[in-house]
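Nothing fancy with the numbering, it's 1 onward along the sequence.
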Amino acid sequence: TLSEETRAALADVSARHFTALVTGRSTDKIRSFVQLSGPHAPYYAASHGQHISGGPDAEGLDMLHPVARRAREALEWTHAELERRLKDIPGFAVEDNVLCISAH
């Protein structure tokens, strides 16, 4: 999670300016990391922009790229293949970010 100092700074900026966080992580992961809601909530462009959500209004924004859901099966296959082929590399890790797969 963010430090309290960083969260407070982000809340201050988000309350005064249109603020969007762009990340390769999933929407759930970035929301749990940032932990801001209400008038201080930023917009999120998760999974490299495949899922755009959030914002300070009560309704919130929730847009999923039309191809993103259809790609899930291919992403699951890719995740399994990366794990299978690269598992013996020291320090290698695969992260499932729902709409994208990250290899570290």
Side-chain angles (χ1 to χ4, degrees):
T1 62
L2 295 177
S3 69
E4 288 304 317
E5 181 181 19
T6 301
R7 185 175 293 106
L10 180 58
D12 184 51
V13 169
S14 294
R16 293 187 284 135
H17 304 284
F18 179 96
T19 304
L21 304 177
V22 181
T23 181
R25 298 191 184 280
S26 70
T27 302
D28 290 342
K29 285 180 185 177
I30 191 62
R31 284 178 181 269
S32 70
F33 186 72
V34 172
Q35 298 177 4
L36 287 175
S37 60
H40 303 292
Y43 291 89
Y44 301 96
S47 296
H48 302 287
Q50 297 295 310
H51 187 204
I52 299 172
S53 64
D57 59 344
E59 297 290 315
L61 175 68
D62 191 13
M63 297 179 355
L64 182 64
H65 190 282
V67 176
R69 265 200 194 117
R70 295 189 312 233
R72 185 65 193 152
E73 186 176 321
L75 290 169
E76 289 172 355
W77 179 87
T78 301
H79 183 266
E81 280 297 296
L82 285 169
E83 284 283 354
R84 184 180 69 78
R85 293 179 183 210
L86 304 174
K87 66 182 178 195
D88 295 329
I89 297 174
F92 173 75
V94 179
E95 184 179 1
D96 188 341
N97 287 303
V98 183
L99 300 176
C100 67
I101 303 298
S102 299
H104 306 280

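Of all heavy-atom pairs spanning L36 and P42, the tightest one is CB-CD, 4.1 Å. Here the shortest heavy-atom pairing between G49 and I52 reads O-CG1, 3.8 Å. Minimum heavy-atom separation, A46 to S26: CB-C, 3.8 Å. Summarising the geometry of L86 relative to F92, their closest heavy-atom pair is O-CD2, 3.5 Å, with the distance given to 0.1 Å. The nearest pair of heavy atoms linking L64 to A68 is CD1-CB, 3.8 Å. Closest non-hydrogen pair, F33 versus R7, comes out as O-NH2, 3.5 Å.
R31 is listed as a side-chain neighbour of S53, based on a closest heavy-atom distance under 4.5 Å.
A salt bridge links D96 with R72: the closest approach of a Lys/Arg side-chain nitrogen to an acidic carboxylate oxygen falls below 4.0 angstrom.
Under the 4.5 Å side-chain heavy-atom criterion for grouping Ile, Leu, Val, Met, Phe, Trp and Tyr, V13 is not connected to F18 through any hydrophobic cluster. Both I89 and I101 are assigned to one and the same hydrophobic cluster, defined by single-linkage of ILVMFWY side chains at heavy-atom distances under 4.5 Å.
Distance check, rounded to the nearest 0.5 Å: OH of Y43 to CG of L21 gives 12.5 Å. The line from SG of C100 to NE2 of H51 is 13.0 Å long, rounded to the nearest 0.5 Å. Expressed to the nearest 0.5 Å, how far CG of L75 lies from CZ of R69 amounts to 13.5 Å. Atom NZ of K87 is separated from atom CG of L82 by 13.0 Å, given to the nearest 0.5 angstrom.
Residues H40 and D12 bring no donor and acceptor atom of their side chains to less than 3.5 Å of each other.
Checking side-chain atoms of R25 against main-chain N and O of I30 turns up no donor-acceptor pair under 3.5 Å. Side-chain atoms of S47 do not come within 3.5 Å of backbone N or O of T27 as any donor-acceptor pair.
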